[in-house]
2 protein chains.
Amino acid sequence: MENARELFQIMTRRLGLLNKDCCSVSGINLSLAQSHLLHEVVRRDNPSMQQVAETLGTDVTTFSRQVQSLIKMDLVKKTPDPGDRRVFTLSLTEEGKRIAATIDQQMNSYLEEVFSYMTEFEKETVLRSVQLFNEAMGKSSRCCAPVTG
Amino acid sequence: MENARELFQIMTRRLGLLNKDCCSVSGINLSLAQSHLLHEVVRRDNPSMQQVAETLGTDVTTFSRQVQSLIKMDLVKKTPDPGDRRVFTLSLTEEGKRIAATIDQQMNSYLEEVFSYMTEFEKETVLRSVQLFNEAMGKSSRCCAPVTG
DNA sequence: CCTTTATAGTTGCACTTTGCAAATATAATC
DNA sequence: GATTATATTTGCAAAGTGCAACTATAAAGG
């Protein structure tokens with residue numbers, strides 16, 4: 001078998017995941033962490049800070065500041081939860097939604113371009129593979145944590 | 001078709017690529033960038049700083065400092081190129097080789113565990129898909145750069 | 001109730017990482 | 001021999017990080 005690690009190492013690099021600024025939209029530069037934050041807030045329905053921080057595996061204090069900076073950029077809103085006044089609920093501003101959607105489009109268009117070098121069948125295979133792989137990672141006990149030994 | 005971006009977003013997150021310290025070996029903690037640096041030096045034969053920096057898409061000045069810190073940790077060696085005295089050639093110390101090999105093992109073992117939730121056929125499909133995808137990214141003009149628009 | 005304990009979130013601080021601009025040192029060119 | 005190009009290193013200043021400590025609210029126990 002091919003060296004699996006080698007394949008994933010190259011993929012990681014080529015996906016540009018090491019780039020500090022992953023996404024730029026109309027003058028706004030976002031880090032990879034910020035784009036994940038936006039993405040996750042869109043996906044969920046008015047999640048609390050804790051929830052999103054935990055999903056992203058970010059320290060809550062760091063997360064708190066990430067949110068602050070996105071609020072300053074007017075992309076994210078923080079709303080006090082009426083049921084529990086300790087909790088703040090996150091949502092995107094109109095601008096935030098626009099930016100998040102644009103990044104989504106850009107990513108998809110980048111992926112589409114990459115897929116254009118494959119046959120339709122290969123593309124479907126790749127997508128199904130990623131899905132399979134994600135599901136398997138979800139089952140793994142070591143999922144989502146740094147590698148340690 | 002599934003939302004391709006969504007799939008890759010989750011994969012990125014689950015792969016733990018957002019973690020600051022990706023790899024820990026016997027008390028030594030390495031960042032994702034550092035592990036890529038080691039990996040790339042192993043792969044190539046006594047590459048120059050520039051070469052590796054460019055491959056990794058890192059600013060050379062940042063890269064220079066990353067190397068310095070790995071030298072301090074006694075994982076990397078810098079040797080002046082006899083042919084061109086401006087150039088320094090990178091290699092790993094014995095300890096560096098050991099660490100790099102261990103990280104490689106750990107990653108592979110993590111991947112193996114993930115693959116254990118699939119059939120052998122699925123696993124082979126996934127690996128072939130990643131390979132296909134890497135090749136396609138290599139052909140793309142937008143490969144390896146941050147997403148911009 | 002009212003005290004204790006738990007939870008959600010924010011700040012202070014010290015440390016690290018980053019990139020740009022500028023500097024140094026060597027090579028190549030004219 | 002002077003100019004120009006290349007490889008690498010430093011000086012910043014800005015941004016990101018986690019831990020410990022803090023505030024504010026909620027839940028639990030007597």
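Here the structure is a predicted model, which is why all the values come from computation and not from measurement. Chain naming here is simple, since letters A, B, ... match the order of the sequence lines and numbering starts at 1 in each.
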- Yes or no on salt bridge (Lys or Arg N to Asp or Glu O under 4.0 Å) for B/Arg128 and B/Glu124, after CA distance, side-chain angles and deciding distance? CA-CA 6 Å; B/Arg128 198 153 27 79; B/Glu124 291 303 328; over 6 Å; no

Review item, nucleotides 26-30 of chain C N/O atoms under 3.5 Å of protein N/O:
unit_1	atom_1	unit_2	atom_2	d
C/dA27	OP1	B/Arg85	N	3.0

- Task: Round to a whole Å and report the spacing from CZ of A/Phe63 to P of D/dT17.
- Result: 12 Å

- Query: Roughly, in whole Å, what's the span from CD in A/Gln51 to C1' in C/dG9?
  - Reply: 14 Å

- For A/Tyr117 and B/Ala136, work out which heavy atoms get closest and say how close. CD1-O, 3.8 Å

- What is the distance from CG of A/Leu32 to P of C/dT18, rounded to the nearest Å? 14 Å

- For B/Gln66 and C/dT16, is the shortest distance between a side-chain N/O and OP1 or OP2 below 4.0 Å? no

- Task: Return the value, rounded to whole Å, for the distance between atom CE of B/Met49 and atom P of D/dT8.
- Result: 6 Å

- Gap between atoms CG and C1', on A/Asp59 and D/dA21 respectively (whole Å): 14 Å

- Looking at A/Leu7 and B/Leu127, what are the two nearest heavy atoms and their distance? CD1-O, 3.7 Å

- Rounded distance in Å - CG (A/Leu56) to P (D/dG16): 15 Å

Expected list for residues 67-78 of chain A: side-chain donor-acceptor pairs under 3.5 angstrom, two or more places apart:
unit_1	atom_1	unit_2	atom_2	d
A/Gln68	NE2	A/Ser64	OG	3.4
A/Ser69	OG	A/Gln34	NE2	3.3
A/Ser69	OG	A/Gln66	O	3.3

- Message: Taking the side chain as everything from C-beta on, heavy atoms only, tell me whether A/Thr79 gets closer than 4.5 Å to A/Asn46.
- Response: no

- Message: Is there a path of hydrophobic side-chain contacts, each under 4.5 Å between heavy atoms of I/L/V/M/F/W/Y residues, joining B/Met118 to A/Met11?
- Response: yes

- Query: Once you round it to whole Å, what is the distance between P of D/dT8 and CD of B/Gln50?
  - Reply: 5 Å

- Query: Is the shortest side-chain N/O distance from A/Lys78 to OP1 or OP2 of C/dT10 below 4.0 Å?
  - Reply: yes

- Would you say B/Phe8 and B/Phe133 make side-chain contact, with heavy atoms under 4.5 Å? yes

- Task: State, to 0.1 Å, how close B/Ser35 and A/Gln9 come at their nearest heavy-atom pair, and which atoms those are.
- Result: O-NE2, 4.0 Å

Kindly give the atom pairs (protein nitrogen or oxygen, nucleotide nitrogen or oxygen) under 3.5 Å for nucleotides 11-13 of chain C.
unit_1	atom_1	unit_2	atom_2	d
C/dT11	OP2	A/Gln68	NE2	3.3
C/dG12	O6	A/Arg65	NH2	2.7

- Query: Taking CG from A/Leu30 and C1' from D/dA15, how many angstroms apart are they, rounded to a whole number?
  - Reply: 14 Å

- Task: Check the pair B/Glu112 / B/Lys123 against salt bridge (Lys or Arg N to Asp or Glu O under 4.0 Å), numbers first and verdict last.
- Result: CA-CA 9 Å; B/Glu112 272 314 316; B/Lys123 168 183 159 182; 3.2 Å; yes

